[in-house]
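Here the structure is laid out as structure tokens; the discussion comes afterwards.
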2 protein chains.
Amino acid sequence: MRIGQLADLLGIQTQTIRFYEKKGLLPLPARSYNGYRVYTEKHYKRLKFVCSCRAIGLSLSETRRLQDYQDNPHQPCSAVNTLIDEHIMHIRSQITSLQDLEKQLTSIRTSCTGQSKVIACTILNKIDEIESVSCNRDV
Amino acid sequence: MRIGQLADLLGIQTQTIRFYEKKGLLPLPARSYNGYRVYTEKHYKRLKFVCSCRAIGLSLSETRRLQDYQDNPHQPCSAVNTLIDEHIMHIRSQITSLQDLEKQLTSIRTSCTGQSKVIACTILNKIDEIESVSCNRDV
DNA sequence: TAAAAACTATAAAGTTACTATAAGGTCAAG
DNA sequence: CTTGACCTTATAGTAACTTTATAGTTTTTA
């Protein structure tokens, strides 16, 4: 299988596959006489695992750690559980931050009907009134 | 006011202020004889607005667009409303994605007690079984 | 059969919103 | 007169790709 077919199978781009390869998330494929990458079922499975990890929001380095556990399966799996637990906690805290944010934005939004001019727009005034204790990024 | 004081006032780093300046989000400050940046109340207000925009999750380019509206306030403010509306929609869709994700992760997680070895760990198997229609990023 | 399209390759730069590092100039206090 | 706390610029690093440039290969079509 060539890179384009593999990419189509998983709904990703060929560059992404090369990128994962460079990051060490995919074993190096064989090359055909013309230099094209040749993939097997094994590569497909590995890549699918990476895509699945991405789909549940794991980072590439977390994904890599899970791959290590897959490759050395005779360890206790508590570390896997911990990784997932921490990820769940992270997602939960993201959810609450976003919910707070949504409330704040909705309150800002409803203060203006959108019929006035910017000079009288309460939205910009309301933004000006936010006291950001400290700018909280990566919400 | 020098850059360090301004940074302290807003709880950000001096590099961040220089970065915003380079991005065109802050007017160029005057320089004192030794080359140090000299800020006024006007700069403080501008920067505070940027911080507030960041605090409600707006990107720097969205922030810039709002600044443009502030600077040309004799337009209808419907565009401001639209920008905020779209941002709210974006945040809501992020929330639902994350909630779905949390459910999926919790179900994956509860399938394993963490007492076994990786070889028998149901978590990795469950991840393998995910059919990611298309890897959905930036969740 | 020859040109056009679709595919592959590499390398390097762009994206976002910063943070970190390096190497150096300025200034007040001890 | 040196130490420490500021300030300056420029460059590189972060995550997870995407885009662009340049070029070679294969397949399709006229």
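Here the structure is a predicted model, which means the values were calculated and not measured. Note on naming: letters A, B, ... go to the chains in the order of the sequence lines (proteins, then strands), and numbering restarts at 1 for each one.
In this view, B:Thr40 and B:His43 satisfy the side chain to side chain donor-acceptor pair (under 3.5 Å) rule, not counting sequence neighbours. Applying the side chain to side chain donor-acceptor pair (under 3.5 Å) rule to B:Asn72 yields no partners; only residues at least two apart in sequence or on another chain are considered. Listed by chain and residue number, B:Thr122 satisfy the side chain to side chain donor-acceptor pair (under 3.5 Å) test with B:Ser111 (two or more places apart in sequence, or in another chain). For B:Ser61, the side chain to side chain donor-acceptor pair (under 3.5 Å) criterion is met by B:Ser59, not counting sequence neighbours.
Note on A:Val38: it does not cluster hydrophobically with A:Tyr36, by side-chain heavy-atom contacts below 4.5 Å among ILVMFWY residues.
Summarising the geometry, the separation between NZ on A:Lys23 and P on D:dA15 is reported as 6 Å, rounded to the nearest angstrom. One interatomic measurement links the two molecules: CG of A:Leu26 to C1' of D:dC17, which rounds to 14 Å at whole-angstrom precision. The distance between atom CD1 of B:Ile56 and atom P of C:dA17, rounded to the nearest whole Å, is 14 Å. Whole-Å rounding puts the A:Glu62 CD to D:dA15 C1' distance at 12 Å. The interatomic distance linking A:Leu47 (CG) with D:dC17 (C1') rounds to 14 Å, in whole Å. In this structure, A:Arg64 atom CZ and D:dA15 atom C1' are separated by 15 Å, rounded to whole Å. Atom pair B:Leu28:CG and D:dT8:C1' shows a separation of 15 Å (rounding to whole Å applied). Rounded to a whole Å, the OH atom of B:Tyr33 is 12 Å from the C1' atom of D:dC6.
The shortest distance between side-chain heavy atoms of B:Ile123 and A:Leu66 does not fall below 4.5 Å.
The phosphate of D:dT18 (OP1 or OP2) has a side-chain N or O of A:Gln13 nearer than 4.0 angstrom. Neither OP1 nor OP2 of C:dA17 sits under 4.0 Å from any side-chain N or O of B:Tyr20. The shortest distance between the side-chain N/O atoms of B:Thr16 and the OP1/OP2 oxygens of C:dT19 is below 4.0 Å.
Salt bridge B:Asp71/B:Arg64: absent, no basic N to carboxylate O contact under 4.0 Å.
When each of B:Glu102, B:Arg109, B:Lys103 is paired with B:Thr106, the side-chain hydrogen bond (donor to acceptor under 3.5 Å, both in side chains) condition holds for B:Glu102 and for no other.
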Using a cutoff of under 3.5 Å, can you pull out all pairs of nitrogen or oxygen atoms linking the protein to nucleotides 12-15 of chain C, with atom names and distances?
none

List, with names and distances, any nitrogen or oxygen atoms from the protein found under 3.5 Å away from nitrogen or oxygen atoms belonging to nucleotides 8-10 of chain C.
| unit_1 | atom_1 | unit_2 | atom_2 | d |
| --- | --- | --- | --- | --- |
| C:dT8 | OP1 | A:Gly4 | N | 2.7 |
| C:dA9 | OP1 | A:Arg37 | N | 2.7 |
| C:dA9 | OP1 | A:Arg37 | NH1 | 3.0 |
| C:dA9 | OP2 | A:Arg18 | NE | 3.1 |
| C:dA9 | OP2 | A:Arg18 | NH2 | 2.8 |
| C:dA9 | OP2 | A:Arg37 | NH1 | 3.4 |
| C:dA9 | O3' | A:Arg31 | NH1 | 3.4 |
| C:dT10 | OP1 | A:Arg31 | NH1 | 3.3 |
| C:dT10 | OP1 | A:Arg31 | NH2 | 3.0 |
| C:dT10 | OP2 | A:Arg37 | NH1 | 2.9 |
| C:dT10 | OP2 | A:Arg37 | NH2 | 2.8 |

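Both B:Leu58 and B:Gln15 lie near DNA chain C, and the one whose nearest nucleotide falls closer to the 5' end is B:Leu58.
When atom types are taken as modelled, the side chain of A:Lys126 and the backbone of A:Cys112 share no donor-acceptor pair closer than 3.5 angstrom.
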